[in-house]
Structures are given as structure tokens and as C-alpha cells.
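One structure below.
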Amino acid sequence: MTKDIVYYTLFGEEVYYQNLNLSIKSLREIANFEGDILVFSDKKINNSAIINVVLDFAEFKDWFELRFRCNDYFNFRGYSNIIFLDTDVLVVKNLEPLFNSKVGLTCFEQADHYIDTGIINTPFFDFKMFWNNWYKHPINAGQIIFDGVKFAKILDTWKQVHFDFRNKKFFTLNTKYKKTWSDQCSLNYLLRKDMIDFRVVKHGLRLPIVPTHNF
């Protein structure tokens with residue numbers, strides 16, 4: 001396997017599509033990424049330089065599921081490194097030094113101060129679970145590098161944990177604050193429980209290109 005791929009999941013407001021264009025531009029022109037770029041979206045993207053898979057997002061209970069259900073809609077075999085990025089991520093350095101790490105997943109510490117403090121996320125679920133599996137150096141689910149060989153197995157594990165959360169087998173979601181589980185919750189849980197082999201890169205940075213929330 002010699003090829004690499006970056007994939008995004010995208011649906012909703014036009015601002016997300018604007019973010020995507022800037023993120024791809026940073027990949028190509030700043031990070032000099034030469035692999036494939038794949039975008040799952042809810043409407044067609046007119047860009048011949050990317051692979052675009054258009055899906056009906058109504059079938060998803062929450063749209064986060066797509067990042068670990070992506071194998072159902074695209075064949076990732078043949079890629080050495082598979083990178084997931086949120087559309088609001090700018091890539092400002094070459095990614096290759098992070099490849100071939102001999103672990104299944106390379107991820108990044110959460111850089112957003114309002115997540116680190118727990119101000120936003122504490123009400124989402126019970127305090128004990130938050131403290132044990134999230135609060136201490138939380139991991140960002142918006143920028144992940146997968147080893148291509150282990151990709152499918154990791155996604156299956158992540159999917160199972162996420163669906164167990166959704167079905168309330170681990171703890172009860174406080175629906176007053178949040179209606180669905182997020183990928184952040186399930187990713188941090190499976191890493192804390194050592195369900196997959198991974199490494200954490202410090203000083204990763206995720207900046208909203210066009211802020212869509214008022215904190």
C-alpha cells in the first residue's frame with residue numbers, strides 16, 4: 001500500500017462548505033498533501049479534484065456516525081494512511097512525519113480551552129463518567145490518523161462503543177442538555193479503556209475557520 005487519503009463528513013449550512021474549501025486548500029498548498037481527498041456530503045460538490053460521495057443523511061440517528069460508518073459507503077482498501085479531518089481544521093505542516101507510526105491510531109490532545117475546562121461538556125452525561133473518561137487530557141475527535149491495515153477493525157470497535165452509548169448501556173444521557181451522543185464521547189471512552197492501540201500527539205491545534213457557535 002502506498003497511497004494516503006483524507007476524508008471529511010459534511011452536511012448542513014453553507015458555512016461548512018466554505019470551511020471545507022479552506023481546509024482542502026491548506027492540505028494541498030501548505031501541507032503539500034498529494035493523496036486522495038474524499039468528502040461525504042449531503043449535496044453534490046463540483047470539484048473534480050476530490051472524490052465526492054453524496055448520501056442521504058436522514059438515515060443517520062446523528063451525523064457523527066458517518067465518520068466510523070464510512071466503510072459502508074467507500075472502499076478504503078489500498079490506502080496506507082487514512083486521515084479524518086473536521087471541515088474546520090487547517091493543516092499547516094506536512095503530515096508525513098506522523099505516518100507509519102506502527103500503531104492503529106494517531107490522535108491529538110484537545111486544544112480548545114472551553115473543552116479542557118469541562119465547562120461545555122460536563123452536563124452531557126453523569127459526572128463520574130466525565131471525570132474518569134474525558135476530563136483528563138481529552139482527545140480531539142476532529143483530526144485522526146489511522147493505520148490503513150487496522151482501519152476497519154478500529155472503526156468496528158468505535159462503532160460498537162458509540163452505539164452502546166446511544167443505547168444507554170454505559171450510562172444515561174442527560175437529554176435536557178444533549179439529544180445524541182457525540183464522537184468525542186465515544187472516542188475518549190475507548191481510548192481510556194485501551195480498546196485500541198494508539199498514540200497521542202501534543203500541541204495539535206484545531207481552530208474554527210468560521211466560528212459557528214457563540215461560547
Side-chain angles (χ1 to χ4, degrees), residues 5-10 23 40 60-72 76 81-89 91 95 98 101 103-174 177-208 213:
I5 188 170
V6 170
Y7 76 100
Y8 298 87
T9 62
L10 172 63
S23 185
F40 297 100
F60 294 95
K61 186 174 180 68
D62 66 77
W63 68 271
F64 298 109
E65 292 179 11
L66 182 56
R67 66 187 62 187
F68 47 76
R69 283 181 57 189
C70 55
N71 261 345
D72 297 338
F76 285 90
N81 299 282
I82 301 168
I83 302 99
F84 172 80
L85 293 178
D86 276 344
T87 58
D88 60 356
V89 172
V91 183
L95 292 171
L98 298 175
S101 63
V103 297
L105 184 150
T106 297
C107 47
F108 300 81
E109 285 191 348
Q110 182 74 44
D112 307 291
H113 71 277
Y114 50 83
I115 299 290
D116 287 343
T117 60
I119 293 172
I120 299 301
N121 286 281
T122 300
F124 288 178
F125 38 85
D126 71 81
F127 181 78
K128 181 179 179 181
M129 180 60 69
F130 174 84
W131 187 262
N132 290 339
N133 299 296
W134 176 270
Y135 180 74
K136 300 176 182 179
H137 308 295
I139 302 304
N140 191 318
Q143 45 192 9
I144 304 171
I145 299 174
F146 300 89
D147 177 270
V149 174
K150 301 179 180 181
F151 183 61
K153 185 176 181 180
I154 291 172
L155 290 191
D156 286 344
T157 304
W158 190 358
K159 185 190 308 181
Q160 186 60 55
V161 168
H162 189 86
F163 289 170
D164 283 345
F165 277 4
R166 192 179 73 183
N167 296 327
K168 301 182 180 181
K169 293 180 180 178
F170 287 112
F171 51 89
T172 301
L173 178 69
N174 187 339
Y177 294 94
K178 191 169 179 63
K179 303 301 181 185
T180 62
W181 297 112
S182 78
D183 54 319
Q184 290 275 66
C185 303
S186 51
L187 176 67
N188 276 267
Y189 185 89
L190 69 91
L191 297 182
R192 292 287 181 206
K193 298 302 182 183
D194 293 321
M195 294 181 178
I196 58 176
D197 60 317
F198 70 98
R199 67 170 179 169
V200 178
V201 177
K202 296 184 177 181
H203 310 303
L205 185 61
R206 174 176 178 267
L207 295 175
H213 302 285

Quiz prompt | Non-neighbouring partners of Lys153 that pass salt bridge (charged side-chain N to carboxylate O under 4.0 Å, His left out), sequence neighbours left out | solution =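 Expected list: none.
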Nearest 0.5 Å, please: how far is [atom2] in [Y] from [atom1] in [X]?
X	Y	atom1	atom2	result
Gln143	Leu98	CD	CG	10.0 Å
Asp147	Ile154	CG	CD1	7.0 Å
Leu105	Thr157	CG	OG1	11.0 Å
Leu155	Phe68	CG	CZ	9.0 Å
Phe151	Ile144	CZ	CD1	9.5 Å

Quiz item: Who passes side-chain hydrogen bond (donor to acceptor under 3.5 Å, both in side chains) against Asp197, sequence neighbours left out?
Solution: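 Checked Asp197 against side-chain hydrogen bond (donor to acceptor under 3.5 Å, both in side chains); matches are Lys150.
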Quiz item: For Tyr7, which residues count as a side-chain hydrogen bond (donor to acceptor under 3.5 Å, both in side chains) partner, sequence neighbours excluded?
Solution: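 For Tyr7, no residue satisfies side-chain hydrogen bond (donor to acceptor under 3.5 Å, both in side chains) once neighbours in sequence are set aside.
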Quiz item: Which pair of non-hydrogen atoms, one from Val89 and one from Ser23, has the smallest distance, and what is that distance?
Solution: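 Val89 and Ser23 have their closest heavy atoms at O-OG, 2.6 Å.
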Exercise. Identify the two heavy atoms, one from Phe108 and one from Val200, that lie closest to each other, and give their separation to 0.1 Å.
Key: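 Nearest pair, atom of Phe108 first, then Val200: C-CG1, 4.4 Å.
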Quiz item: With side chains defined as the heavy atoms from C-beta onward, is the minimum distance between Trp158 and Ile196 less than 4.5 Å?
Solution: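 The answer is no; the side chains never approach within 4.5 Å.
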Exercise. Indicate yes or no for a side-chain donor-acceptor contact from Asp86 to the backbone of Asp88 under 3.5 Å, with no hydrogens or angles considered.
Key: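 Answer holds: no.
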Quiz item: Within the distance-only criterion (no hydrogens, no angle test), does the side chain of Thr9 pair as donor or acceptor with the backbone N or O of Phe40 below 3.5 angstrom?
Solution: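 It does not hold such a pair.
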Quiz prompt | Thr106: side-chain contact (heavy atoms from CB on, under 4.5 Å) partners, not counting sequence neighbours | solution =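 Thr106 satisfies side-chain contact (heavy atoms from CB on, under 4.5 Å) with Ser101, Val103, Ile145, Arg199, Val201 only.
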Exercise. Show your reasoning for whether side chain to side chain contact (heavy atoms under 4.5 Å, CB included) applies to Leu95 and Asn81.
Key: CA-CA 10 Å; Leu95 292 171; Asn81 299 282; over 6 Å; no
